[in-house]
2 protein chains.
Amino acid sequence: MSGDEAGTAREEVIESMERSAEVYGLSRSAGRVYGVLYFAAEPLSIPELVEETGYAKSTISNVTRRLTRIGLIRRRSSGGGGRRVRFEPEADLWFVVRDVFQQHVAREMGTTRRTLDRSLSRLDDEDTTTRARIEALAATYDEFETLLELAMDHSVTELIDAIEAYEDD
Amino acid sequence: MSGDEAGTAREEVIESMERSAEVYGLSRSAGRVYGVLYFAAEPLSIPELVEETGYAKSTISNVTRRLTRIGLIRRRSSGGGGRRVRFEPEADLWFVVRDVFQQHVAREMGTTRRTLDRSLSRLDDEDTTTRARIEALAATYDEFETLLELAMDHSVTELIDAIEAYEDD
DNA sequence: CTGTTTGTTCGGCTCATTCCGAACAACCAG
DNA sequence: CTGGTTGTTCGGAATGAGCCGAACAAACAG
């Protein structure tokens with residue numbers, strides 16, 4: 001079993017995931033659940049996650065739902081038709097980033113953009129300064145939206161290649 | 001004064017900023033303070049922000065510090081040597097995004113990356129599966145880091161151009 | 001049908017965040 | 001030095017998030 005180096009290394013990485021989770025607006029428990037699943041040999045059920053993480057069953061239930069919505073883990077309505085549900089990690093983190101952007105950032109930008117248009121249509125032609133400020137904001141949002149849409153259609157390596165090619169005129 | 005359309009439009013946009021602030025992990029008050037500054041004709045002091053936003057002086061003090069750290073607003077140690085401090089909005093939101101990425105995301109990636117290396121060096125050669133998982137994670141992080149470093153060196157329009165040029169082979 | 005296992009939902013508890021008012025420190029005017 | 005203004009800091013109340021245990025629903029085994 002080669003000592004416990006694998007265990008401590010695993011634990012260090014999982015603790016790091018807990019901290020990272022907080023940076024990105026998730027809970028510690030979410031980071032740990034993802035970490036345990038990331039190192040697990042096979043998909044785990046809720047009782048197994050309770051055993052591995054030490055969290056209560058209800059916590060695991062809520063956290064797994066949250067992570068599934070975000071796309072960081074997947075439910076496998078595991079064969080056999082049993083009620084048992086198993087979770088496995090999404091290994092390709094770029095998928096996750098893409099989903100988060102599309103679910104939250106794109107959504108926020110869409111609603112904000114609509115508000116800006118509605119406010120603009122309500123304005124007289126004489127409110128030049130207010131109109132100019134809102135139009136500037138709308139232009140910025142449009143730029144961001146097109147950039148995000150473009151970026152979300154490509155892999156990380158493709159994006160790196162694109163920028164590097166651009167830098168070499 | 002062209003009715004109150006400018007006022008209501010302004011208010012709508014500021015309320016939208018409050019909601020957006022929450023999406024990006026800031027408080028409502030932060031969104032409103034930025035919004036008021038964004039529409040103000042000139043930099044505002046703390047008492048003026050108290051008057052315009054309705055928040056308490058202490059709240060404004062804390063929120064302005066927070067927003068200044070993030071880079072969403074700037075302090076102008078306004079001329080005259082007076083104690084009065086004035087704040088103005090950072091209009092170029094791409095600057096803000098860039099700063100946030102460099103301060104938080106890049107930092108998180110750096111520490112995580114170091115943890116991964118430390119964990120790897122602690123591992124025996126026999127822990128192949130654990131080692132493989134951590135190495136995969138490290139590779140993903142390296143990719144993200146190079147992409148972010150590249151992206152942060154360019155403007156939004158440059159990035160859009162780069163990707164569009166890449167798409168046209 | 002009864003008992004067991006799995007997963008969700010509900011009501012609390014605790015802790016962090018947000019905001020306020022009050023006290024305090026710094027600066028200027030007279 | 002005294003009074004007024006500006007900005008920061010401190011304690012406290014209200015709100016929300018994370019987590020737990022218990023109750024509940026659903027599926028299967030016998």
Side-chain angles (χ1 to χ4, degrees), chain A residues 14-15 17-37 42-70 72-88 104, chain B residues 14-15 17-37 42-70 72-88 104:
Chain A
I14 292 179
E15 280 174 15
M17 286 178 174
E18 288 180 341
R19 289 188 289 266
S20 299
E22 284 190 317
V23 172
Y24 297 114
L26 296 173
S27 57
R28 279 187 131 63
S29 54
R32 175 155 294 268
V33 165
Y34 179 81
V36 167
L37 287 176
E42 49 185 8
L44 298 183
S45 65
I46 288 189
E48 289 166 331
L49 283 172
V50 169
E51 170 67 22
E52 294 288 327
T53 64
Y55 283 106
K57 203 171 44 159
S58 55
T59 303
I60 299 296
S61 176
N62 290 320
V63 167
T64 49
R65 182 172 47 210
R66 178 97 191 271
L67 287 176
T68 304
R69 278 182 185 262
I70 295 174
L72 264 165
I73 66 178
R74 277 194 300 263
R75 294 179 72 115
R76 299 203 31 176
S77 20
S78 79
R83 182 159 165 69
R84 199 176 205 132
V85 179
R86 297 179 176 280
F87 295 93
E88 64 184 1
H104 293 85
Chain B
I14 291 179
E15 280 173 13
M17 285 178 174
E18 288 180 340
R19 289 189 288 267
S20 299
E22 285 190 317
V23 172
Y24 297 114
L26 296 173
S27 57
R28 279 188 127 63
S29 54
R32 176 156 293 270
V33 166
Y34 179 81
V36 166
L37 287 176
E42 49 185 8
L44 298 182
S45 65
I46 288 190
E48 288 166 330
L49 283 171
V50 169
E51 169 67 24
E52 295 288 327
T53 65
Y55 284 106
K57 203 172 42 161
S58 56
T59 303
I60 299 296
S61 176
N62 291 319
V63 167
T64 49
R65 183 172 46 210
R66 178 98 192 269
L67 288 176
T68 304
R69 279 183 184 262
I70 295 174
L72 264 165
I73 66 178
R74 277 194 301 261
R75 294 179 72 114
R76 299 203 30 177
S77 20
S78 78
R83 180 158 166 72
R84 199 176 205 130
V85 179
R86 296 179 178 280
F87 296 92
E88 64 183 2
H104 293 85

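Since the structure is predicted, the reported quantities are computational estimates derived from the model, not experimental observations. All values below were derived from every heavy atom in this structure, side-chain atoms included, with hydrogens, water molecules and symmetry-related copies excluded. Chain identifiers are assigned alphabetically (A, B, ...) following the order of the sequence lines, protein sequences preceding nucleic acid strands; residue numbering begins at 1 within each chain.
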Determine yes or no for a side-chain-to-main-chain donor-acceptor pair under 3.5 angstrom, with A:Ser61 supplying the side chain and A:Lys57 the backbone.
no

Selection from [options] that lies nearest to any side-chain heavy atom of [X]:
X: A:Ile46; options: D:dC19, D:dT9, C:dT8; value: C:dT8
X: B:Arg65; options: D:dG7, D:dC20, D:dT9; value: D:dT9
X: A:Ser58; options: C:dT9, C:dT6, D:dT9; value: C:dT9
X: B:Arg84; options: C:dT6, C:dT9, D:dG7; value: D:dG7
X: A:Ala56; options: C:dG7, D:dG21, C:dC19; value: D:dG21
X: A:Thr59; options: D:dT6, D:dC20, C:dG7; value: D:dC20

What is the distance, rounded to the nearest whole Å, between atom [atom1] of [X] and atom [atom2] of [N]?
X: A:Ile60; N: D:dG18; atom1: CD1; atom2: P; result: 14 Å
X: B:Arg28; N: C:dC19; atom1: CZ; atom2: P; result: 9 Å
X: A:Arg86; N: C:dT6; atom1: CZ; atom2: C1'; result: 12 Å
X: A:Leu49; N: C:dT8; atom1: CG; atom2: C1'; result: 15 Å
X: B:Tyr55; N: C:dT17; atom1: OH; atom2: P; result: 18 Å
X: B:Glu22; N: C:dT18; atom1: CD; atom2: P; result: 10 Å
X: A:Glu51; N: C:dT6; atom1: CD; atom2: P; result: 12 Å
X: B:Asn62; N: C:dT17; atom1: CG; atom2: P; result: 13 Å

Less than 4.0 Å between a side-chain N and a carboxylate O, is that true for A:Glu42 and A:Arg86?
no

Would you say B:Ser61 reaches D:dG7's phosphate, i.e. side-chain N/O to OP1/OP2 under 4.0 Å?
no

Less than 4.0 angstrom between a side-chain N/O of B:Ser27 and OP1 or OP2 of C:dT17, yes or no?
no

Looking at side-chain heavy atoms only, is the closest gap between B:Arg75 and B:Phe87 below 4.5 Å?
yes

Within a strict 4.5 Å, meaning less than it, do heavy atoms of the B:Glu48 and B:Val36 side chains meet?
no

Would you say that more than 12 heavy atoms from the other residues, nucleotides or ligands in this model lie under 6.0 Å from the CD of A:Glu51, or not?
no

Kindly say whether, by distance alone, the side chain of B:Lys57 makes a donor-acceptor pair under 3.5 Å with the base of C:dG21?
no

